[in-house]
K.L.:
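Structure below; questions to follow.
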Amino acid sequence: MENKPALLSARNIRRAFTSAGARLEVLRGVDLSLRHGESLALTGESGSGKSTLVHILAGLELPDAGEVEIEGTPLNRLSEAGRARLRRETIGIVFQQFNLIPSLDAGANIAFQARLAGRHDPDHVTRLAGRLGLAGHLHKYPEELSGGQQQRVAIGRALAARPALILADEPTGNLDEATADEVLALMLELVAEAGAALLMVTHSVRLAARLDRQLQLSRGRIFA
Amino acid sequence: MTRAGLQALLSHWWRHPGQLVMLLAGLMLATALWSGVQAINAEARAAYAQAAGRVDAGARARIVPRAGERLDEAQYVALRRAGWPVSPVVEAHLTAGGATVRLIGIDPITTPSDLIPRAFSGTDSAETLRRFLLPPHLVFAAPDVAAALAEATGAEVRAADDLAPGTAVADVGFVQRLGGAEGLLDRLIVTDAPRALAPPPLETIAPGLVLQPAAPRADLARLTASFHLNLSAFGLLAFAVGLFIAHGAVGLAFEARRGMFRTLRALGLPLWHLMLLIALELALMALVAGAAGMVAGLLIAGALLPDVAASLKGLYGAEVPGTLTLRAQTWVAGMAAALAGAGLAGAGALWQLARLPVLAPAMPRAWARASAHRRALEATGGLALLVAAAALARFGSGLMAGFALMAALLLGAALILPPLLDLCLRLAGRAARGPLSQWFWADARQGLPGLSLAMMALLLALAANIGVGTMVESFRRAFTGWLDQRLAAELYVRARDDAEAERLRAFLAGRSEAVLPLWRVEATVAGVPSFVYGVEDHPTYRENWPLLDALPGVWDRLAAGEAALINEQLARRAGLSPGDTIEILPGWRLEVAGIYSDYGNPTGQVMVALAPFLAHFPDAPRLSHAVRVAPEDAPALARALIEEFGLPAENVVDQAALKRWSLSIFERTFAITAALNVLTLGVAGVAIVTSLAALSGQRLVQLAPVWAVGVERRRLARLELLRALALAALTAALALPLGLALAWVLLAIVNVEAFGWRLPMQLFPLDWLRLVALALLAAALAALWPALRLARMAPARLVQVFAAAR
């Protein structure tokens, strides 16, 4: 695995926020890298900057300093349209609160990003839905699904476009323990089958242990 | 507990000022337009009440000369001596301070006390009476002319606010001298029923006089009722549109505060207390918005009143002051309307709150699904209202039924708009192929409930504009065409007395092609107060008269004295058709040979041949004439008449001036409806702006995931703009048939009931296009700011959606 080229590399990422007049440095020079097919767990306390880092890695926001490269492309040199295209084609994101599109049913939600990226494969979507246990729920709207089902839809959406990188921000944080284990196992299995790399943010050391590597984010810095 | 609860509830508005503005704007606009119209109506009613209570009131019988001239004071004395309970009245018109003052002379001893200005009966009535009767004379005048009259007459003038604008009351002898009519009177008011010892008949004492029963035609309040009802209907429509906005704001706030309600109740605030606090909160808003709405309403009323006054004077001869008086009851009614409106807007939310379980989901559910049951109920109610409208159109009668039909039609259509839009969006979504376009239509469908009230407001405003626009334009074309036909003569001349009229006819005989009498008397025909005209047989009538329906040979039969023509108003009110018979005087019955259109006239009319007219009404005034002359010679002839006879300019009117005057009355009448139309459209525009502004915060939750998976902000912003345009376009498309249905109701039912005439409906597609373009522009402008904000929004703000979700 170590011989594979870096899919994602982040160097000296810095990000600060100003809140109630006080400057809060959330990320203070973060470095990390992720190779193709590798899985990495990022743990840390609440407020340690994990989500901010995921947003920066996904190109959803830009760092104050530092550089993120995905497949050798520096994100900060891309226009917004360029970053949007990169997200469509290369990255699948799974949020803790699922963030499904409420106006589309489960099937359309799963296929949505793949269709945007021009990589829609109905058979692949059907297979994915079957693997995710959603075959009988594809015409239901998000609010008609349970939390676990909604997260499976979100995972399906992230994988349907066959991205090289999956970024998951506490994907099981909103689920009970049994469901969380079940969903995570399924996600890891599908990610591995797809040959994608996975960076997962989690509170749980137990869940983190199931991934190839673990890093901890504390006071804005990365610790192995 | 109350303070803390209220603080928590009010904090929502502090955090969501857009929703607060929407609620206040809705209530304010509703109150403004409604109270504005009511202030105008109250002003007019007060003026009618003044006019009706004065000496000229037609509610009492009166004795007038048969020939239409003045009567001799000696005849009055003879009648009093014979036991007739009569009181003398003489009138003079003076010019004071640039305005014409109608000076009414009375005898304070014999005039009934209810017809004397209130100021007369003060604490020192004996002294007042002495000063009224003796030089330099005390005169009571309406406040608008009091100062000018004092200067013009040198009399002591006291303002009396119960007198109609432009009028004054003085001693009969004083007015006779001022008007150069010593020894003459205009009429005698019958002050009481004849006494037990019946006086001798009128013919034996004063053969030249006739007794006229109390004339209902002088009841201005009745005559103008339909005019004011029309204004009220517009006010009500604007009120309803404003309430839609307020209702939308209350609903949004309710959805957004579900979590807060749950928390407050979980923390120990009883349900009834929470409901009380929400009611209190609504009442506070109603008071603030109501006060602002009242001020705006009075400004609107002040701006519209001059046009209303001009219309009322032109159409009905009713004097209404052009300036507004602030009345306590207008304020009370306006504030009550604001409170009632807030109650109506909040009733649904309070009802839902009362039924909300204490552990109801805190997360605001999508409006679409949360209120699906309510929407189904509304759609069913809408359909029921449309069925009721159809039933009213088929079986209803009367003006109130017409307005009920309009209300049912508009409200029914508004209620079924959301399901119709939902259907259109669903069909569009099915036809869409790309993922983004499919999401676009699905998202528009899902966001529909939040915008549906604004769309309902837009639908009502557009339909009202199309309906009223079609009615006014149809009326304008029919009216101008009718004026061209009806005012065929080149000059209209009125002599001041019979002798002058005779000399005029002789003068005109050699200088014109024809001199056509315009002689008329008042009569009640088929129970309808009407004017009977005697007309000569002349091509002017045969070629130009606007007949709506006629029997064969109508003009020959009229000329032969075998038949009569009646106007549309009389035909409709009395249910007459060609072939029916009318009785003009006891024993004088004529067949109705034709019906003609007669726009702008509130009373019935009958046309009979001149010879039988003169035979039955030998004393009819013969003062007015229509003169046919080559159009190029008309101005010279008018000048000659004025120079030769010293006639006042207003007694010689050329055709063009008369048309100009008629059209100006028409334009001023509809200037009011046009202004209310524009205001209603403006209210709908505000509804869209406030809805989109209030929803823009909530939209991020829907838009952020789409952005996260790779759709740029700029593209999303364009789609947001497109969504507002698509909804506005669909609404406009649905407003068109509704507006045309409204136009049909106005033309075929309301106008017929209110004014007695029916107009042919004409279609004006270019006007519709302009309106649709205006609606799209309003929607685009309303959506522009939220779209621009989205396009320029910092990604961090969008990312917050994912953070906030935790």
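Computation of the quantities below employed the complete heavy-atom set of this structure, encompassing side-chain atoms and omitting hydrogens, waters and symmetry-equivalent molecules. First the proteins, then the strands, lettered A, B, ... as listed; each starts at 1.
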K.L.:
Could you tell me which portion of A:A81 (side chain, backbone, both or neither) has an atom closer than 4.5 angstrom to a non-hydrogen atom of chain B?
P.N.:
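Answer is both: backbone and side chain atoms of A:A81 are under 4.5 Å from chain B.
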
K.L.:
Check the surroundings of atom CD in A:E25: do more than 12 heavy atoms from other residues, nucleotides or ligands lie under 6.0 Å from it?
P.N.:
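Count over threshold, so yes.
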
K.L.:
Quick one, A:R115 with B:Q438, criterion side-chain contact (heavy atoms from CB on, under 4.5 Å). Give me CA distance, side-chain angles, the key distance, then yes/no.
P.N.:
CA-CA 11 Å; A:R115 296 180 68 196; B:Q438 279 179 351; 2.5 Å; yes

K.L.:
Please check if atom CZ in A:R119 has more than 12 non-hydrogen atoms from other residues, nucleotides or ligands closer than 6.0 Å.
P.N.:
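For A:R119, atom CZ is crowded (more than 12 foreign heavy atoms under 6.0 Å).
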
K.L.:
Would the number of heavy atoms belonging to other residues, nucleotides or ligands and lying under 6.0 Å from CZ of A:R85 be above 12?
P.N.:
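Not more than 12 within 6.0 Å, no.
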
K.L.:
Atom CG in A:L60, atom CG in B:L798: separation rounded to 0.5 Å?
P.N.:
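It comes to 9.0 Å.
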
K.L.:
So, for B:A442 and A:L104, which heavy atoms are closest and what is the spacing to 0.1 Å?
P.N.:
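That would be CB-CD2, 3.6 Å.
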
K.L.:
Side chain, backbone, both or neither: which part of A:F112 has a heavy atom under 4.5 Å from chain B?
P.N.:
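Both parts, backbone and side chain.
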
K.L.:
Hey, which of B:P795, B:G447, B:P435 has the most heavy atom pairs under 4.5 Å with chain A?
P.N.:
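Among B:P795, B:G447, B:P435, the one with the most close pairs to chain A is B:P435.
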
K.L.:
Taking the six-membered ring of B:W707 as reference, does the cationic atom of A:R87 (NZ for Lys, CZ for Arg) lie under 6.0 Å from its centre and within 45° of its axis?
P.N.:
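Yes, a cation-pi geometry holds between A:R87 and B:W707.
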
K.L.:
Which is it for B:V709 and A:R88 under the side-chain contact (heavy atoms from CB on, under 4.5 Å) test, yes or no, and what are the steps along the way?
P.N.:
CA-CA 6 Å; B:V709 297; A:R88 280 200 300 269; 6.0 Å; no

K.L.:
More than 12 foreign heavy atoms under 6.0 Å from CZ of A:R28: is that the case here?
P.N.:
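For A:R28, atom CZ is crowded (more than 12 foreign heavy atoms under 6.0 Å).
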
K.L.:
What do you reckon, is CZ of A:R206 surrounded by more than 12 foreign heavy atoms closer than 6.0 Å?
P.N.:
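Correct, the count exceeds 12.
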
K.L.:
Do B:V706 and A:I101 make a side-chain contact, defined as non-hydrogen atoms from C-beta onward lying under 4.5 Å apart?
P.N.:
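The answer is yes; the side chains approach within 4.5 Å.
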
K.L.:
Report which part of A:L62 has an atom under 4.5 Å of a heavy atom belonging to chain B: side chain, backbone, both, or neither.
P.N.:
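For A:L62, neither part sits under 4.5 Å from chain B.
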
K.L.:
For A:E193, does the CD atom sit with more than 12 other heavy atoms under 6.0 Å from it, leaving out its own atoms?
P.N.:
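Count over threshold, so yes.
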
